[in-house]
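One structure is given below, encoded as C-alpha coordinates.
Within every chain, numbering begins at 1; the chains are lettered A, B, ... in the order of the sequence lines, protein sequences first and strands thereafter. Below, all heavy atoms of this structure are taken into account, side chains as well, without hydrogens, waters or symmetry copies.
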Amino acid sequence: MLIFNSISVPLSTPLVLKTTPQRNAVVLAQKQQQTLTALTNLTISDEALASRGFALHRTINKLDLDHLNSVFVAVGFPRRDTDKIRVALENSDALLWIEYEKAERPVAFARATGDGVFNAIIWDVVVDPSFQGIGLGKAVMERLVNVLLEKGITNIALYSEPRVLGFYRPLGFVADPDGIRGMVYSRRTQKKKR
Amino acid sequence: MKIGNVLSPPPASLRAAAAAAAHCRYPYGPWPHHPILAVSHNHITAFMQQQQLPARHDKMENRLPLSPHHILHAGCRNAKVSRLKAAFWESIRSGFMKNNTIQVTESPSTIQEEEEMLPDEFVLVEKTLPDGVVEQIVYSSGGDVDVYDLQALCDKVGWPRRPLSKLAAALRNSYTVAALHSIRKSAGEEGSADKKLIGMARATSDHAFNATIWDVLVDPSYQGQGLGKALIEKLIRTLLQRDIGNITLFADSQVVEFYENLGFEADPEGIKGMFWYPRY
(Lines give C-alpha, C1' and ligand atoms only; values in the text may rest on other atoms or scores of the structure.)
Protein backbone atom coordinates (compact mmCIF):
# COMPACT_ATOMS: atom_id res chain seq x y z
CA MET A 1 0.00 0.00 0.00
CA LEU A 2 1.52 3.24 -1.07
CA ILE A 3 1.96 5.72 1.69
CA PHE A 4 1.40 9.20 0.36
CA ASN A 5 4.42 11.41 0.24
CA SER A 6 2.76 14.22 2.07
CA ILE A 7 2.17 15.63 5.47
CA SER A 8 0.02 13.42 7.58
CA VAL A 9 -0.26 15.95 10.36
CA PRO A 10 -0.08 19.71 10.05
CA LEU A 11 2.99 21.69 10.92
CA SER A 12 3.17 25.28 12.00
CA THR A 13 2.63 26.12 8.34
CA PRO A 14 0.25 23.29 7.66
CA LEU A 15 -1.52 23.90 4.44
CA VAL A 16 0.64 26.16 2.31
CA LEU A 17 2.26 23.48 0.16
CA LYS A 18 0.44 24.40 -3.01
CA THR A 19 0.50 28.17 -2.73
CA THR A 20 2.77 30.68 -4.39
CA PRO A 21 5.29 32.73 -2.46
CA GLN A 22 3.09 35.82 -2.85
CA ARG A 23 0.12 34.04 -1.40
CA ASN A 24 2.32 32.74 1.41
CA ALA A 25 3.22 36.29 2.27
CA VAL A 26 -0.43 37.32 2.31
CA VAL A 27 -1.43 34.37 4.47
CA LEU A 28 1.44 35.02 6.83
CA ALA A 29 0.44 38.65 7.14
CA GLN A 30 -3.14 37.61 7.86
CA LYS A 31 -2.03 35.24 10.58
CA GLN A 32 0.18 37.89 12.11
CA GLN A 33 -2.76 40.28 12.11
CA GLN A 34 -4.99 37.72 13.73
CA THR A 35 -2.31 37.06 16.31
CA LEU A 36 -1.96 40.75 17.07
CA THR A 37 -5.71 41.20 17.34
CA ALA A 38 -6.05 38.22 19.66
CA LEU A 39 -3.23 39.43 21.83
CA THR A 40 -4.75 42.84 22.29
CA ASN A 41 -8.49 42.12 22.46
CA LEU A 42 -9.91 40.31 25.44
CA THR A 43 -13.66 39.97 25.69
CA ILE A 44 -13.55 40.38 29.47
CA SER A 45 -10.62 42.28 30.94
CA ASP A 46 -8.61 41.18 33.95
CA GLU A 47 -10.07 44.09 35.88
CA ALA A 48 -13.62 43.09 35.02
CA LEU A 49 -12.93 39.60 36.31
CA ALA A 50 -11.36 40.88 39.49
CA SER A 51 -14.23 43.22 40.19
CA ARG A 52 -16.61 40.26 40.04
CA GLY A 53 -14.55 38.30 42.55
CA PHE A 54 -12.61 36.09 40.19
CA ALA A 55 -8.84 35.67 40.36
CA LEU A 56 -6.74 34.54 37.39
CA HIS A 57 -3.94 32.03 37.90
CA ARG A 58 -1.36 30.74 35.48
CA THR A 59 0.41 28.16 37.63
CA ILE A 60 -0.63 25.13 39.67
CA ASN A 61 0.54 26.88 42.80
CA LYS A 62 -2.45 27.09 45.17
CA LEU A 63 -4.54 24.90 42.89
CA ASP A 64 -6.35 22.25 44.91
CA LEU A 65 -6.41 19.20 42.66
CA ASP A 66 -9.31 17.58 44.46
CA HIS A 67 -11.42 20.68 43.84
CA LEU A 68 -10.30 20.69 40.22
CA ASN A 69 -11.15 17.02 39.94
CA SER A 70 -14.67 17.68 41.22
CA VAL A 71 -15.14 20.34 38.54
CA PHE A 72 -14.03 17.78 35.94
CA VAL A 73 -16.51 15.28 37.31
CA ALA A 74 -19.28 17.89 37.47
CA VAL A 75 -18.97 18.51 33.71
CA GLY A 76 -18.90 14.80 32.93
CA PHE A 77 -15.25 13.79 32.78
CA PRO A 78 -14.33 10.48 34.37
CA ARG A 79 -12.79 10.91 37.83
CA ARG A 80 -9.04 10.64 37.44
CA ASP A 81 -6.27 9.96 39.92
CA THR A 82 -5.07 13.27 41.40
CA ASP A 83 -1.43 12.18 41.29
CA LYS A 84 -1.77 11.58 37.59
CA ILE A 85 -3.48 14.91 37.21
CA ARG A 86 -0.54 16.54 38.95
CA VAL A 87 1.89 14.88 36.53
CA ALA A 88 -0.23 16.01 33.59
CA LEU A 89 -0.32 19.60 34.83
CA GLU A 90 3.40 19.66 35.52
CA ASN A 91 4.02 18.52 31.96
CA SER A 92 1.70 20.98 30.31
CA ASP A 93 3.11 23.86 28.30
CA ALA A 94 0.61 26.32 29.70
CA LEU A 95 -2.40 26.37 31.94
CA LEU A 96 -4.87 28.88 33.22
CA TRP A 97 -7.49 28.72 35.90
CA ILE A 98 -9.97 31.08 37.45
CA GLU A 99 -10.60 31.02 41.16
CA TYR A 100 -13.82 32.17 42.73
CA GLU A 101 -12.25 34.01 45.62
CA LYS A 102 -15.15 33.79 48.01
CA ALA A 103 -15.16 29.99 47.86
CA GLU A 104 -11.42 29.67 47.21
CA ARG A 105 -12.16 27.08 44.58
CA PRO A 106 -11.29 26.76 40.89
CA VAL A 107 -14.30 27.38 38.67
CA ALA A 108 -12.71 27.47 35.23
CA PHE A 109 -9.66 25.73 33.80
CA ALA A 110 -7.80 25.00 30.59
CA ARG A 111 -4.36 23.71 29.72
CA ALA A 112 -2.23 23.07 26.67
CA THR A 113 0.45 20.52 25.83
CA GLY A 114 2.86 20.52 22.93
CA ASP A 115 6.44 20.80 21.81
CA GLY A 116 6.82 24.39 22.84
CA VAL A 117 7.73 25.69 19.38
CA PHE A 118 5.39 24.48 16.65
CA ASN A 119 2.28 22.78 17.97
CA ALA A 120 -0.01 22.91 20.96
CA ILE A 121 -3.18 21.06 21.86
CA ILE A 122 -5.64 22.42 24.37
CA TRP A 123 -7.15 19.93 26.82
CA ASP A 124 -9.47 19.85 29.79
CA VAL A 125 -11.38 23.04 29.15
CA VAL A 126 -13.96 23.19 31.94
CA VAL A 127 -16.22 25.67 33.68
CA ASP A 128 -18.07 24.71 36.84
CA PRO A 129 -21.73 24.27 35.86
CA SER A 130 -22.84 26.84 38.44
CA PHE A 131 -20.60 29.43 36.81
CA GLN A 132 -21.29 28.73 33.15
CA GLY A 133 -22.73 31.31 30.82
CA ILE A 134 -20.99 34.39 32.21
CA GLY A 135 -17.89 34.36 30.02
CA LEU A 136 -15.40 32.48 32.19
CA GLY A 137 -14.74 29.81 29.57
CA LYS A 138 -14.07 32.45 26.96
CA ALA A 139 -11.82 34.28 29.41
CA VAL A 140 -9.55 31.27 30.03
CA MET A 141 -9.50 30.26 26.37
CA GLU A 142 -8.59 33.72 25.05
CA ARG A 143 -5.80 34.05 27.57
CA LEU A 144 -4.49 30.52 27.00
CA VAL A 145 -4.32 31.14 23.26
CA ASN A 146 -2.47 34.39 23.99
CA VAL A 147 0.11 32.58 26.10
CA LEU A 148 0.74 30.16 23.26
CA LEU A 149 0.92 32.91 20.65
CA GLU A 150 3.41 34.80 22.79
CA LYS A 151 5.60 31.69 22.73
CA GLY A 152 5.44 31.75 18.96
CA ILE A 153 3.16 28.74 18.68
CA THR A 154 0.59 29.35 16.00
CA ASN A 155 -0.55 25.79 15.32
CA ILE A 156 -3.08 25.49 18.14
CA ALA A 157 -5.51 22.62 18.05
CA LEU A 158 -8.07 20.95 20.24
CA TYR A 159 -10.68 18.18 20.21
CA SER A 160 -14.20 19.44 20.66
CA GLU A 161 -17.30 17.50 21.62
CA PRO A 162 -20.02 18.15 19.08
CA ARG A 163 -22.19 20.16 21.48
CA VAL A 164 -19.50 22.79 22.16
CA LEU A 165 -18.33 23.43 18.61
CA GLY A 166 -20.24 26.70 18.85
CA PHE A 167 -18.22 27.72 21.87
CA TYR A 168 -14.91 27.36 20.05
CA ARG A 169 -15.91 28.84 16.71
CA PRO A 170 -16.22 32.48 17.86
CA LEU A 171 -12.80 32.07 19.47
CA GLY A 172 -11.31 31.46 16.06
CA PHE A 173 -11.28 27.68 15.89
CA VAL A 174 -12.21 25.88 12.69
CA ALA A 175 -13.24 22.23 12.50
CA ASP A 176 -11.59 19.93 9.94
CA PRO A 177 -9.77 22.67 8.05
CA ASP A 178 -9.00 21.52 4.53
CA GLY A 179 -10.22 18.04 5.35
CA ILE A 180 -7.82 17.40 8.21
CA ARG A 181 -9.43 14.96 10.63
CA GLY A 182 -8.79 14.52 14.31
CA MET A 183 -8.20 10.83 15.03
CA VAL A 184 -7.99 8.85 18.23
CA TYR A 185 -6.41 5.44 18.72
CA SER A 186 -8.76 2.77 19.93
CA ARG A 187 -7.62 -0.71 20.86
CA ARG A 188 -10.96 -2.04 19.77
CA THR A 189 -11.01 -0.61 16.26
CA GLN A 190 -8.22 -2.39 14.46
CA LYS A 191 -8.94 -3.22 10.89
CA LYS A 192 -5.60 -4.45 9.67
CA LYS A 193 -5.04 -5.27 6.05
CA ARG A 194 -2.52 -8.08 5.89
CA MET B 1 5.54 -28.73 22.13
CA LYS B 2 3.24 -26.33 23.85
CA ILE B 3 4.72 -22.88 23.76
CA GLY B 4 1.91 -21.53 25.86
CA ASN B 5 3.14 -23.04 29.09
CA VAL B 6 6.67 -21.87 28.71
CA LEU B 7 6.35 -18.16 29.14
CA SER B 8 5.88 -17.11 32.73
CA PRO B 9 2.37 -15.69 32.67
CA PRO B 10 2.28 -11.92 32.95
CA PRO B 11 0.78 -10.58 36.16
CA ALA B 12 -2.47 -10.22 34.25
CA SER B 13 -4.12 -13.38 33.08
CA LEU B 14 -3.73 -16.74 31.42
CA ARG B 15 -5.55 -15.33 28.44
CA ALA B 16 -2.83 -12.77 27.99
CA ALA B 17 -0.22 -15.50 28.29
CA ALA B 18 -1.98 -17.55 25.64
CA ALA B 19 -2.26 -14.54 23.40
CA ALA B 20 1.41 -13.74 23.84
CA ALA B 21 2.29 -17.35 23.12
CA ALA B 22 0.13 -17.33 20.01
CA HIS B 23 2.01 -14.30 18.83
CA CYS B 24 5.32 -16.04 19.36
CA ARG B 25 4.48 -18.65 16.76
CA TYR B 26 6.43 -17.83 13.62
CA PRO B 27 3.59 -16.83 11.30
CA TYR B 28 5.05 -17.94 8.01
CA GLY B 29 5.28 -21.63 8.78
CA PRO B 30 7.73 -23.66 10.83
CA TRP B 31 10.89 -21.73 11.58
CA PRO B 32 13.48 -22.82 9.00
CA HIS B 33 16.10 -25.02 10.52
CA HIS B 34 19.30 -23.30 9.67
CA PRO B 35 22.74 -24.12 10.97
CA ILE B 36 23.52 -20.51 11.87
CA LEU B 37 20.66 -20.45 14.34
CA ALA B 38 22.05 -23.45 16.18
CA VAL B 39 25.23 -21.52 16.68
CA SER B 40 23.40 -18.41 17.82
CA HIS B 41 21.43 -20.34 20.39
CA ASN B 42 24.54 -21.22 22.34
CA HIS B 43 25.81 -17.74 21.68
CA ILE B 44 22.64 -16.23 23.09
CA THR B 45 22.59 -18.47 26.14
CA ALA B 46 26.18 -17.64 26.85
CA PHE B 47 25.46 -13.97 26.35
CA MET B 48 22.49 -14.02 28.68
CA GLN B 49 24.29 -15.93 31.38
CA GLN B 50 27.10 -13.47 31.10
CA GLN B 51 24.66 -10.65 31.66
CA GLN B 52 23.24 -12.46 34.68
CA LEU B 53 19.61 -12.17 33.78
CA PRO B 54 17.20 -13.77 36.23
CA ALA B 55 16.95 -17.55 36.29
CA ARG B 56 13.61 -17.76 34.53
CA HIS B 57 15.24 -16.57 31.34
CA ASP B 58 17.62 -19.51 31.37
CA LYS B 59 14.67 -21.87 31.67
CA MET B 60 13.00 -20.21 28.71
CA GLU B 61 16.20 -20.54 26.72
CA ASN B 62 16.17 -24.28 27.15
CA ARG B 63 12.63 -24.73 25.97
CA LEU B 64 11.90 -22.18 23.29
CA PRO B 65 12.59 -23.05 19.67
CA LEU B 66 15.44 -21.20 18.09
CA SER B 67 14.47 -17.86 16.73
CA PRO B 68 15.75 -14.37 17.23
CA HIS B 69 12.14 -13.40 17.41
CA HIS B 70 11.57 -15.59 20.42
CA ILE B 71 14.78 -14.41 21.95
CA LEU B 72 13.58 -10.87 21.54
CA HIS B 73 10.51 -11.65 23.58
CA ALA B 74 12.36 -13.71 26.14
CA GLY B 75 14.69 -10.78 26.65
CA CYS B 76 11.92 -8.26 26.59
CA ARG B 77 10.27 -9.55 29.71
CA ASN B 78 13.05 -7.95 31.65
CA ALA B 79 13.42 -4.19 31.57
CA LYS B 80 17.19 -4.62 31.73
CA VAL B 81 17.22 -5.77 28.14
CA SER B 82 16.88 -2.27 26.85
CA ARG B 83 20.30 -1.53 28.25
CA LEU B 84 21.77 -4.72 26.86
CA LYS B 85 20.15 -4.34 23.47
CA ALA B 86 22.99 -2.80 21.53
CA ALA B 87 25.62 -5.34 22.53
CA PHE B 88 23.11 -8.14 22.23
CA TRP B 89 22.06 -7.36 18.67
CA GLU B 90 25.64 -6.67 17.68
CA SER B 91 26.62 -10.16 18.68
CA ILE B 92 23.71 -11.65 16.77
CA ARG B 93 24.42 -9.52 13.74
CA SER B 94 28.06 -10.54 13.61
CA GLY B 95 26.90 -14.16 13.45
CA PHE B 96 24.53 -13.38 10.59
CA MET B 97 26.85 -11.14 8.62
CA LYS B 98 29.49 -13.77 8.10
CA ASN B 99 27.54 -16.64 6.68
CA ASN B 100 24.21 -16.10 5.10
CA THR B 101 21.59 -14.00 3.41
CA ILE B 102 18.75 -14.86 5.71
CA GLN B 103 16.04 -12.31 6.12
CA VAL B 104 15.02 -11.59 9.67
CA THR B 105 11.68 -9.97 9.82
CA GLU B 106 9.77 -9.19 12.93
CA SER B 107 6.33 -10.59 12.38
CA PRO B 108 3.46 -8.15 12.25
CA SER B 109 2.05 -7.56 15.67
CA THR B 110 -1.47 -7.24 16.87
CA ILE B 111 -1.19 -4.69 19.55
CA GLN B 112 -3.80 -6.01 21.88
CA GLU B 113 -1.99 -9.33 22.12
CA GLU B 114 1.36 -7.81 22.97
CA GLU B 115 2.23 -7.94 26.61
CA GLU B 116 6.03 -8.06 26.39
CA MET B 117 8.10 -4.94 26.81
CA LEU B 118 9.26 -3.32 23.61
CA PRO B 119 12.98 -2.57 23.69
CA ASP B 120 14.09 0.96 22.89
CA GLU B 121 15.85 -0.14 19.76
CA PHE B 122 15.62 -3.19 17.54
CA VAL B 123 15.92 -4.39 13.97
CA LEU B 124 12.68 -4.35 11.98
CA VAL B 125 13.92 -5.70 8.71
CA GLU B 126 17.18 -7.06 7.41
CA LYS B 127 18.00 -7.93 3.86
CA THR B 128 20.90 -8.46 1.54
CA LEU B 129 21.06 -6.22 -1.47
CA PRO B 130 22.17 -7.47 -4.90
CA ASP B 131 25.68 -6.06 -4.41
CA GLY B 132 26.20 -8.03 -1.22
CA VAL B 133 25.56 -5.13 1.11
CA VAL B 134 23.44 -6.01 4.11
CA GLU B 135 20.86 -3.44 5.07
CA GLN B 136 19.02 -3.29 8.37
CA ILE B 137 16.13 -1.05 9.17
CA VAL B 138 16.34 -0.24 12.84
CA TYR B 139 13.52 1.22 14.91
CA SER B 140 14.45 3.31 17.91
CA SER B 141 12.34 5.24 20.35
CA GLY B 142 15.18 6.73 22.31
CA GLY B 143 15.08 9.99 20.41
CA ASP B 144 18.51 9.70 18.83
CA VAL B 145 17.68 11.83 15.81
CA ASP B 146 20.27 14.18 14.40
CA VAL B 147 18.56 17.46 13.63
CA TYR B 148 20.55 17.92 10.41
CA ASP B 149 19.48 14.47 9.23
CA LEU B 150 15.91 15.37 10.08
CA GLN B 151 16.13 18.63 8.16
CA ALA B 152 17.43 16.73 5.13
CA LEU B 153 14.63 14.17 5.42
CA CYS B 154 12.00 16.91 5.67
CA ASP B 155 13.48 18.44 2.50
CA LYS B 156 13.26 15.06 0.78
CA VAL B 157 9.55 14.74 1.43
CA GLY B 158 8.96 18.34 0.42
CA TRP B 159 8.04 19.94 3.71
CA PRO B 160 8.62 23.68 4.16
CA ARG B 161 11.83 24.50 5.95
CA ARG B 162 11.79 25.19 9.65
CA PRO B 163 14.59 26.76 11.68
CA LEU B 164 17.07 24.16 12.93
CA SER B 165 17.03 25.51 16.46
CA LYS B 166 13.26 25.15 16.59
CA LEU B 167 13.45 21.64 15.16
CA ALA B 168 15.94 20.72 17.85
CA ALA B 169 13.73 22.24 20.54
CA ALA B 170 10.68 20.42 19.19
CA LEU B 171 12.54 17.10 19.38
CA ARG B 172 13.77 17.86 22.89
CA ASN B 173 10.29 18.77 24.06
CA SER B 174 8.66 15.73 22.54
CA TYR B 175 7.75 12.92 24.88
CA THR B 176 8.76 10.22 22.42
CA VAL B 177 10.71 10.47 19.21
CA ALA B 178 10.60 7.30 17.18
CA ALA B 179 12.98 6.90 14.28
CA LEU B 180 13.83 4.48 11.53
CA HIS B 181 17.44 4.25 10.47
CA SER B 182 18.88 2.29 7.61
CA ILE B 183 22.20 0.68 8.48
CA ARG B 184 24.22 -0.66 5.59
CA LYS B 185 27.27 -2.86 5.96
CA SER B 186 29.30 -4.39 3.18
CA ALA B 187 29.45 -8.14 3.51
CA GLY B 188 32.46 -9.19 5.56
CA GLU B 189 33.40 -5.67 6.59
CA GLU B 190 33.27 -5.10 10.29
CA GLY B 191 33.00 -1.69 11.79
CA SER B 192 32.16 0.43 8.77
CA ALA B 193 28.44 1.00 8.62
CA ASP B 194 26.39 3.60 6.81
CA LYS B 195 23.65 4.91 9.04
CA LYS B 196 20.88 6.97 7.50
CA LEU B 197 17.70 8.42 8.94
CA ILE B 198 14.82 7.21 6.81
CA GLY B 199 11.76 7.79 8.95
CA MET B 200 10.54 9.55 12.02
CA ALA B 201 7.45 10.16 14.07
CA ARG B 202 7.20 12.02 17.32
CA ALA B 203 4.63 12.39 20.03
CA THR B 204 4.04 15.16 22.51
CA SER B 205 2.35 14.31 25.76
CA ASP B 206 1.47 15.40 29.26
CA HIS B 207 3.10 12.19 30.48
CA ALA B 208 -0.13 11.03 32.07
CA PHE B 209 -3.24 10.99 29.91
CA ASN B 210 -2.84 12.18 26.34
CA ALA B 211 -0.31 11.97 23.56
CA THR B 212 -0.48 13.47 20.09
CA ILE B 213 1.53 12.19 17.18
CA TRP B 214 3.12 14.77 14.87
CA ASP B 215 5.49 14.90 11.93
CA VAL B 216 5.23 11.40 10.55
CA LEU B 217 7.55 10.98 7.62
CA VAL B 218 9.26 8.23 5.66
CA ASP B 219 11.98 8.73 3.06
CA PRO B 220 10.32 8.52 -0.38
CA SER B 221 12.79 5.87 -1.53
CA TYR B 222 11.69 3.66 1.35
CA GLN B 223 7.97 4.22 1.05
CA GLY B 224 5.56 1.54 0.01
CA GLN B 225 7.24 -1.16 2.11
CA GLY B 226 5.13 -0.93 5.22
CA LEU B 227 7.78 0.98 7.17
CA GLY B 228 5.48 3.87 8.01
CA LYS B 229 2.96 1.41 9.30
CA ALA B 230 5.58 -0.34 11.42
CA LEU B 231 6.88 2.98 12.71
CA ILE B 232 3.45 4.05 13.94
CA GLU B 233 2.62 0.62 15.33
CA LYS B 234 5.79 0.58 17.40
CA LEU B 235 5.32 4.16 18.50
CA ILE B 236 1.82 3.32 19.67
CA ARG B 237 3.13 0.33 21.58
CA THR B 238 5.82 2.46 23.18
CA LEU B 239 3.21 4.98 24.28
CA LEU B 240 0.82 2.34 25.58
CA GLN B 241 3.63 0.75 27.53
CA ARG B 242 4.25 4.09 29.19
CA ASP B 243 0.62 4.04 30.20
CA ILE B 244 -0.59 6.86 28.00
CA GLY B 245 -4.20 5.94 27.41
CA ASN B 246 -5.27 8.54 24.86
CA ILE B 247 -3.27 8.61 21.63
CA THR B 248 -4.38 11.17 19.07
CA LEU B 249 -3.27 12.75 15.83
CA PHE B 250 -4.50 14.97 13.01
CA ALA B 251 -4.48 13.41 9.58
CA ASP B 252 -4.64 14.97 6.15
CA SER B 253 -7.65 13.68 4.27
CA GLN B 254 -5.56 11.42 2.02
CA VAL B 255 -3.98 9.55 4.91
CA VAL B 256 -7.04 9.10 7.10
CA GLU B 257 -7.46 5.57 5.74
CA PHE B 258 -3.83 4.74 6.51
CA TYR B 259 -4.39 5.59 10.16
CA GLU B 260 -7.76 3.86 10.26
CA ASN B 261 -5.97 0.68 9.29
CA LEU B 262 -3.66 1.17 12.25
CA GLY B 263 -6.51 1.44 14.72
CA PHE B 264 -7.30 5.13 14.72
CA GLU B 265 -10.83 6.38 14.49
CA ALA B 266 -11.74 9.72 12.95
CA ASP B 267 -14.18 11.90 14.86
CA PRO B 268 -14.95 9.33 17.53
CA GLU B 269 -18.41 10.02 18.93
CA GLY B 270 -18.54 13.12 16.79
CA ILE B 271 -15.57 14.74 18.52
CA LYS B 272 -13.99 17.13 16.04
CA GLY B 273 -10.45 18.32 15.63
CA MET B 274 -10.34 22.12 15.47
CA PHE B 275 -7.53 24.53 14.63
CA TRP B 276 -7.04 28.17 15.53
CA TYR B 277 -7.22 30.31 12.38
CA PRO B 278 -5.64 27.67 10.12
CA ARG B 279 -3.74 28.86 7.09
CA TYR B 280 -5.11 27.57 3.79
Can you name the closest pair of heavy atoms from [X] and [Y] and give their distance?
X	Y	value
P278(B)	P177(A)	CG-CB, 3.5 Å
L249(B)	Y159(A)	O-OH, 3.2 Å
F118(A)	L167(B)	CZ-N, 3.9 Å
A251(B)	M183(A)	CB-SD, 3.7 Å
I180(A)	F275(B)	CG2-CE1, 4.0 Å
W123(A)	T212(B)	CZ2-OG1, 3.7 Å

Within the 4.5 Å heavy-atom criterion, are [X] and [Y] side-chain neighbours or not?
X	Y	result
W276(B)	L149(A)	yes
N119(A)	F250(B)	no
M274(B)	R169(A)	yes
N173(B)	D93(A)	no
I213(B)	Y185(A)	no

- request: Select one option (side chain, backbone, both, neither) describing which atoms of D267(B) are under 4.5 Å from chain A's heavy atoms.
  value: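 Backbone plus side chain of D267(B), per the 4.5 Å heavy-atom cut-off to chain A.
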Engaged part of S253(B) at the chain A interface, taking heavy atoms whose separation is under 4.5 Å: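 Contact with chain A involves both backbone and side-chain atoms of S253(B).
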- request: Give every residue pair that meets the salt bridge (Lys or Arg N to Asp or Glu O under 4.0 Å) criterion with at least one member in residues 42-60 of chain A, sequence neighbours excluded.
  value: D46(A)-R143(A)
Within residues 104-133 of chain A or reaching into it, pairs that qualify as salt bridge (Lys or Arg N to Asp or Glu O under 4.0 Å) - sequence neighbours excluded: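 Output for this query lists R80(A)-D124(A), R111(A)-D124(A), R111(A)-D206(B), D115(A)-R202(B).
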Look up atom [atom1] in [X] and atom [atom2] in [Y], then write down how far apart they are to the nearest 0.5 Å.
X	Y	atom1	atom2	answer
S92(A)	H207(B)	OG	NE2	9.0 Å
K272(B)	R181(A)	NZ	CZ	5.0 Å
Y277(B)	I156(A)	OH	CD1	11.0 Å

query: If you count the non-hydrogen atoms of other residues, nucleotides and ligands that lie under 6.0 Å from CZ in F77(A), is the total more than 12?
result: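 Buried by this count: over 12 neighbours within 6.0 Å.
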- request: Pick one of side chain, backbone, both or neither for I121(A), based on which atoms fall under 4.5 Å of a heavy atom in chain B.
  value: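 Side chain only.
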- prompt: Considering only heavy atoms, which portion of L148(A) lies under 4.5 Å from any heavy atom of chain B: side chain, backbone, both, or neither?
  reply: neither
message: Is there a side chain to side chain contact (heavy atoms under 4.5 Å, CB included) between R162(B) and V117(A)? Walk through the geometry before answering.
response: CA-CA 11 Å; R162(B) 297 180 281 186; V117(A) 281; over 6 Å; no
